[in-house]
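Note that the structure is a prediction, hence the values are computed from the model and not measured.
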Amino acid sequence: MIYSDFQGIKLSLLGFGTMRLPLVPGGGPADIDEKTTADMVRYAMDHGVNYFDTAYPYHGGMSERVIGRVLKDYDRQSFYLATKYPGHQISDSYDPAAIFEEQLQKCGVEYFDFYLLHNVYEKSIETYTDPRWGIIDYFLEQKKNGRIRHLGFSSHGGVELLESFLSRYGKDMEFCQIQLNYLDWTFQKAKEKYELLTSLGIPVWVMEPVRGGRLARLDAAEEEALRALNPDLSPSAWALRFVKDLPNVHMVLSGMSNMEQLRENIETFSHPQPLTPAEREALLSLA
């Protein structure tokens, strides 16, 4: 497993995302297959993965519960757990303290290693910065009290939104999670966002590196273009290679739904294999 250094912490560069956990046959989004999830977590831990990412709304609120129960089998010092405050969801009021206490209880922990403001974007920034709710102040206090070890935020917002938010709160945000892949490098200006965060000294966490599976499902012509470069790599491996060797990327999250995806991703993150200039240009041309 490749590791990154974050403030002296050794993080597996591959993070286990829990937004797309395996489901029981015929079940709905909240019907997580807990046994398969436990098997996947054990395999991940045995192969060096130590970062697990969840959020309040994932799987109808069940993701936090299931990953909390599964991780109970492991020493608390052997993994890093991240979750998020749902300030991006529309509501008549916001109570960060109530949500935070609920999340601790659901996950069965006394602190979160990493905690994020979930999707600070154009329609949620007013909620996050509204003094009525005191959201950021509350989580800064929890960090001071040791119940949050590292505070950051995720964002699907534009470059101007990031600039505005960071001009006010950049000193308090230790990392930022953005959608980054070889399609969105230009399509959603991920390159500009990455460069902005890098210029401000803020480590980048990557979400949607395979764009929700789209970059793993190429058509025949698209796949042939990649096979011509390396016939042994899958489309998803190409997508992950694009992000994992960017110098300021400290975490690449993948929402894996089965053991096959997990094994393939761990193999991809078991050796550096940086892209050559020609390979990077080929991916951007494909995008």
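Proximity of a side-chain donor or acceptor of Arg214 to a complementary backbone N or O of Arg217 within less than 3.5 Å is detected. No donor-acceptor pair closer than 3.5 Å links the side chain of Asn265 to the backbone N or O of Leu262. When atom types are taken as modelled, the side chain of Lys123 and the backbone of Gln89 share no donor-acceptor pair closer than 3.5 angstrom.
The shortest side-chain heavy-atom distance between Asp245 and Pro272 does not fall under the 4.5 Å cut-off. A heavy-atom distance below 4.5 Å is not found between the side chains of Tyr194 and Leu196. Contact annotation: the side chain of Pro235 approaches that of Glu223 to within less than 4.5 Å [non-hydrogen atoms, C-beta and beyond].
None of Gln103, Lys143, Lys84 except one satisfies the side chain to side chain donor-acceptor pair (under 3.5 Å) rule with Tyr115; the exception is Gln103.
Here salt bridge (Lys or Arg N to Asp or Glu O under 4.0 Å) pairs that include residues 87-104, with residues two or more places apart or in two chains, are Glu101-Arg147. Within the structure, side-chain hydrogen bond (donor to acceptor under 3.5 Å, both in side chains) pairs that include any residue of residues 157-170 do not occur (at least two apart or interchain). Among residues at least two apart or in separate chains, ring-ring contact (aromatic ring centres under 6.0 Å, His included) pairs with a member in residues 221-257 are Trp185-Phe242.
Geometrically, Arg149 does not engage Phe112 in a cation-pi contact defined by less than 6.0 Å to the ring centre and at most 45° from the axis.
In the hydrophobic clustering of this structure, Ile178 does not group with Tyr51; members are Ile, Leu, Val, Met, Phe, Trp, Tyr whose side-chain heavy atoms approach within less than 4.5 Å, directly or through other members. Under the 4.5 Å side-chain heavy-atom criterion for Ile, Leu, Val, Met, Phe, Trp and Tyr, Val49 and Val252 are members of the same hydrophobic cluster. Linking Ile, Leu, Val, Met, Phe, Trp and Tyr whenever their side-chain heavy atoms come within less than 4.5 Å leaves Ile9 and Val249 in two separate clusters. The cluster map of Ile, Leu, Val, Met, Phe, Trp and Tyr, joined by side-chain heavy atoms under 4.5 Å apart, puts Val109 and Leu116 in different clusters. Grouping the Ile, Leu, Val, Met, Phe, Trp and Tyr side chains by contacts below 4.5 angstrom, directly or via other members, places Met173 apart from Tyr80.
Here the two rings, on Phe139 and Tyr85, have centers that are under 6.0 Å apart. For an aromatic pair to be called close, the ring centres must be under 6.0 Å apart, and Phe6 with His150 satisfies this. Residues Trp205 and Phe114 place their aromatic rings such that the two centres sit under 6.0 Å apart.
Residues forming a side chain to side chain contact (heavy atoms under 4.5 Å, CB included) with Ser78 (at least two apart in sequence, or on another chain): Met45, Tyr74, Asp75. Every residue two or more places apart in sequence or in another chain was checked for a side chain to side chain contact (heavy atoms under 4.5 Å, CB included) with Pro25, and none qualifies. Residues passing the side chain to side chain donor-acceptor pair (under 3.5 Å) test with Asn119, sequence neighbours excluded: none.
Between Asp39 and Lys35 a salt bridge is recorded (basic side-chain N to carboxylate O distance below 4.0 Å). Salt-bridge annotation for Asp184 and Lys189: absent, with no side-chain N of the basic residue lying under 4.0 Å from a carboxylate O of the acidic one. A salt bridge links Arg20 with Glu208; the closest basic N to acidic carboxylate O contact falls under 4.0 Å. Classification of Glu267 and Arg263 as a salt-bridged pair fails, no side-chain N sitting under 4.0 Å from a carboxylate O. Ion pairing of Asp5 with Lys10 is absent here, as no side-chain N (NZ or NE/NH1/NH2) approaches a carboxylate O to less than 4.0 Å.
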Checking Leu286 against Glu222 for the side chain to side chain contact (heavy atoms under 4.5 Å, CB included) test, could you report, in this order, the C-alpha distance in whole Å, the side-chain angles of both residues, the deciding distance, and whether it holds? CA-CA 7 Å; Leu286 182 61; Glu222 293 166 342; 3.7 Å; yes
Arg132 and Tyr94: side chain to side chain contact (heavy atoms under 4.5 Å, CB included), yes or no, with the steps? CA-CA 9 Å; Arg132 286 181 299 171; Tyr94 298 86; over 6 Å; no
Checking Phe153 against Leu166 for the side chain to side chain contact (heavy atoms under 4.5 Å, CB included) test, could you report, in this order, the C-alpha distance in whole Å, the side-chain angles of both residues, the deciding distance, and whether it holds? CA-CA 10 Å; Phe153 71 107; Leu166 290 169; 3.8 Å; yes
The test is side chain to side chain contact (heavy atoms under 4.5 Å, CB included); show your working for Asp33 and Leu21 and say whether it passes. CA-CA 8 Å; Asp33 184 335; Leu21 292 172; over 6 Å; no
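No side-chain donor from either of Thr54 and Thr83 sits under 3.5 Å from a side-chain acceptor of the other.
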